[in-house]
Every structure is written in C-alpha cells, then in structure tokens.
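In this text, all values refer to a predicted model and were calculated from it rather than measured experimentally.
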Amino acid sequence: MSDRLIKSALRALEANGKFKPSQELRHYLADNAVPLASTSQVTLGPKARQTLIEILERDFSVPPGTRLADLEGLSRSEALSVSTNEKITRQSVRAARVAVKSTPGRALKLRGSEIALPDGVNLDISAEDARHFDDYDRILLVENWEAFERLHRLSYDLPIELQETLVLYRGQPHGYTIDAARKFSSKLGKPVHVLPDPDPAGLHLAMTYPGFAGLALPPAHEIREVIMSGRGLPDRYLAQVPMVEQSLDSCTSPEIQEYWAVFKETGRALPQEEFVR
C-alpha cells in the first residue's frame with residue numbers, strides 16, 4: 001500500500017493547481033491533521049504541501065524534493081535511497097539481467113571454464129557481464145521463453161555453425177527484458193542468429209534485430225509441409241500482416257523472402273512452440 005501512497009503524494013506535490021487525490025492520500029493526510037475538501041478535485045495549499053513533504057520524509061524516508069521521475073529505472077535496492085519501500089520502483093526485478101544457456105548437449109563456456117547445465121536450465125546474469133562470454137563467436141536469440149527453456153527438445157537440427165553457440169532469451173516486457181537482451185548482445189558484439197516464431201511478426205523481429213546474421217528455423221519447405229498438414233493459425237497471420245507486410249516485401253534478405261513467401265502462400269502462421277513439443 002505504501003508504494004501507491006508515496007506515488008500519489010508525489011503526484012500531488014508536483015500538481016500545479018487542482019488535482020484528483022487518491023483515497024489513500026486523503027486518509028493519510030486526514031490522519032496527519034490535513035483534511036482535504038470533499039470535492040473530486042482539490043488544491044494543496046502551501047501549509048498542506050509542507051506538511052506532506054515532512055511526513056513523507058518522517059514515515060517513508062522520502063527526501064524533500066523527490067519527484068516521480070526520480071523513481072524511473074531504479075533497482076529495488078536503489079529505490080531504498082529515496083524510500084523505505086523497495087517496491088516503489090516500476091523496474092522489474094530482472095530488468096537488467098538476461099537468461100543464457102548453451103546449445104543442447106554442450107557445456108556453457110564462461111571465461112575459460114565450462115559449466116554443464118542440465119536440460120531446461122539457464123544461467124541468470126547481468127546484461128553488463130557480456131564480456132564473460134567472449135569465447136563464443138555467435139549468439140542464438142530465442143524469441144519465446146518456452147522454446148528457450150525446452151531447446152533440448154527442438155524437433156530439428158540446428159545448422160552446424162550454430163551447434164556450439166551462446167543461446168540468449170530475447171526477453172519480454174516484464175521479467176527478463178528486451179532492452180537487457182539487446183544491451184547484452186550489443187556489448188558482446190557477435191553476429192545474432194534468430195529463432196523466432198514462424199510467422200510474419202517473427203520474421204520482422206529477426207530482420208530488424210541489431211547484428212542479425214540469419215534465421216535458425218527449420219527449412220522453409222518443412223514449415224510449408226507442417227502448415228499444409230493442417231497446422232497453423234490463419235487469424236495470427238491476418239492480424240500480423242498489416243503491421244509488417246511493407247517491411248517484409250521490401251526486405252532484400254533472400255532467407256527472409258523465402259519464409260515470407262511460404263506464409264503469404266499459405267495464409268497461416270505457426271507458434272514457435274510447435275517445434276519444441
């Protein structure tokens with residue numbers, strides 16, 4: 001509760017003129033002898049403003065002058081420098097970390113040493129520590145978590161050049177983030193081969209990813225065979241096409257064009273998990 005209260009209080013202090021207070025803020029100020037008007041929009045006077053600044057510092061160690069923007073991008077430990085509540089930050093716990101692993105049957109190479117990870121297990125590491133993996137000459141980026149976790153169940157063989165490479169999870173809006181994975185791959189500075197969803201959006205993700213060097217999908221004719229056997233989702237294809245059609249049509253990569261031709265012909269798309277069942 002205190003994280004919402006702190007943010008509501010900071011919004012009130014930053015408001016110019018009238019604002020809509022939260023119920024938590026109304027109760028908090030009333031408990032500290034600063035009742036607000038019962039109207040939906042209120043104004044915080046100079047005395048009430050100063051009282052709010054003082055009680056925020058007293059109760060939650062929020063330094064005077066703290067603004068909502070100061071909370072952006074903080075880790076939970078860093079958030080304690082501006083509050084006693086570590087959850088005040090919007091940053092997810094793993095926002096600056098990435099998940100990496102080796103390809104199936106290979107040990108993970110880590111600065112001259114090797115770690116044998118069981119199937120389905122990955123290493124959690126800071127995005128800043130990409131240098132520890134400079135023994136690798138390529139990155140295999142996997143779009144979805146389940147495919148990343150179950151890579152040992154991949155139903156087709158990776159190309160020879162990718163059979164001993166560093167596998168990196170692409171990330172998502174929460175947890176391991178997309179930004180962290182991009183920072184990691186940028187710092188490592190190796191070519192990136194992408195294992196995306198076999199659909200138009202997946203192709204677009206791959207071809208626009210920094211350092212893109214190729215796809216790690218089954219051959220295009222095999223994907224066509226799977227779709228023609230009755231698998232695949234026409235709704236997914238139709239929903240994605242308007243957003244990426246122009247970019248895919250103008251892409252000069254023969255590899256991208258080969259897969260794009262399959263999806264256009266069949267009018268269907270596949271989930272990545274189709275190949276780790």
Kindly work out whether a path of hydrophobic side-chain contacts (I/L/V/M/F/W/Y, heavy atoms less than 4.5 Å apart) joins [X] to [Y].
{"X": "L166", "Y": "I178", "answer": "no"}
{"X": "V226", "Y": "L233", "answer": "no"}
{"X": "I227", "Y": "L238", "answer": "yes"}

Show which side-chain atoms of residues 103-111 pair as donor or acceptor with protein atoms under 3.5 Å away, not counting sequence neighbours.
from	atom 1	to	atom 2	distance (Å)
T103	OG1	Q163	O	2.7
R106	NE	Q163	O	3.4
R111	NE	R131	O	3.3
R111	NH2	R131	O	3.3

N/O donor-acceptor pair under 3.5 Å between [X] side chain and [Y] backbone:
{"X": "T177", "Y": "A180", "result": "yes"}
{"X": "S22", "Y": "S8", "result": "no"}
{"X": "S186", "Y": "R182", "result": "no"}
{"X": "N32", "Y": "L52", "result": "no"}

Query - Check against side-chain contact (heavy atoms from CB on, under 4.5 Å), R4 and E24 - result: CA-CA 8 Å; R4 295 205 304 267; E24 291 95 342; 3.0 Å; yes
Are the side chains of [X] and [Y] in touch, meaning some heavy atoms are under 4.5 Å apart?
{"X": "M207", "Y": "S253", "result": "no"}
{"X": "R170", "Y": "V194", "result": "no"}
{"X": "L215", "Y": "L203", "result": "yes"}
{"X": "I256", "Y": "L248", "result": "yes"}
{"X": "L140", "Y": "L195", "result": "yes"}
{"X": "L217", "Y": "P196", "result": "yes"}
{"X": "D59", "Y": "Y28", "result": "yes"}
{"X": "L44", "Y": "L13", "result": "yes"}

Partners of [X] by salt bridge (charged side-chain N to carboxylate O under 4.0 Å, His left out), sequence neighbours excluded?
{"X": "E265", "value": "R224"}
{"X": "R58", "value": "none"}
{"X": "R26", "value": "none"}
{"X": "R150", "value": "E146"}

So ring pair (Phe, Tyr, Trp, His ring centres under 6.0 Å) across residues 224-265, not counting sequence neighbours, yields none
### Message
Please list all pairs meeting ring pair (Phe, Tyr, Trp, His ring centres under 6.0 Å) that have one or both residues in residues 193-229, counting only residues at least two apart or in different chains.
### Response
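Passing the test, one end in residues 193-229: no pairs.
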Check your understanding: Going through the distances and angles, do E273 and N144 end up as a side-chain contact (heavy atoms from CB on, under 4.5 Å)?
Key -> CA-CA 8 Å; E273 291 80 2; N144 295 331; 3.5 Å; yes
Under 4.0 Å between a side-chain nitrogen and a carboxylate oxygen: does that hold for E149 and K101?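 No, this pair does not count.
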Working to the nearest 0.5 Å, report the span between [atom1] of [X] and [atom2] of [Y].
{"X": "S102", "Y": "E164", "atom1": "OG", "atom2": "CD", "result": "9.0 Å"}
{"X": "I223", "Y": "M228", "atom1": "CD1", "atom2": "CE", "result": "14.0 Å"}
{"X": "L123", "Y": "D129", "atom1": "CG", "atom2": "CG", "result": "10.0 Å"}
{"X": "D124", "Y": "R97", "atom1": "CG", "atom2": "CZ", "result": "4.0 Å"}
{"X": "I6", "Y": "L10", "atom1": "CD1", "atom2": "CG", "result": "7.5 Å"}
{"X": "D235", "Y": "R268", "atom1": "CG", "atom2": "CZ", "result": "9.5 Å"}

Residues at least two apart in sequence or cross-chain that pass ring-ring contact (aromatic ring centres under 6.0 Å, His included) with Y156, listed by chain then number, are F275
[X] and [Y]: which non-hydrogen atoms are nearest, and at how many Å?
{"X": "A9", "Y": "L56", "value": "CB-CD1, 3.7 Å"}
{"X": "D135", "Y": "G112", "value": "OD2-N, 3.3 Å"}
{"X": "A12", "Y": "L25", "value": "CB-CD2, 3.8 Å"}
{"X": "A130", "Y": "K187", "value": "CB-CB, 3.8 Å"}
{"X": "P200", "Y": "V241", "value": "CG-CG2, 4.4 Å"}
{"X": "I125", "Y": "F133", "value": "CD1-CE1, 3.5 Å"}

task = Mind running side-chain contact (heavy atoms from CB on, under 4.5 Å) on S185 and L168 for me, showing each step along the way?
result = CA-CA 8 Å; S185 59; L168 172 66; 4.2 Å; yes
By side chain to side chain contact (heavy atoms under 4.5 Å, CB included), P159 pairs with (sequence neighbours left out) E161, L162
Applying side chain to side chain contact (heavy atoms under 4.5 Å, CB included) to A99 and not counting sequence neighbours gives N122, W145, F148, Y169, Y176
Do R231 and L270 pass the side-chain contact (heavy atoms from CB on, under 4.5 Å) test, and can you show the C-alpha distance, the side-chain angles, and the key distance before you say yes or no? CA-CA 7 Å; R231 311 291 295 182; L270 291 169; 4.0 Å; yes
Is it the case that atom CG in D157 sees more than 12 heavy atoms from other parts of the structure closer than 6.0 Å?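 Atom CG in D157 is not packed in, count stays at 12 or less.
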Taking everything shown except M243 itself, do over 12 heavy atoms lie less than 6.0 Å from its CE?
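Yes, because the 6.0 Å sphere around CE of M243 holds more than 12 heavy atoms from other groups.
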Exercise. Who pairs with E143 by side-chain hydrogen bond (donor to acceptor under 3.5 Å, both in side chains), at least two apart in sequence or on another chain?
Worked result: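 Here no residue qualifies.
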What residue pairs, at least two apart or across chains, pass salt bridge (Lys or Arg N to Asp or Glu O under 4.0 Å) with a residue in residues 244-259?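 Output for this query lists D249-K264.
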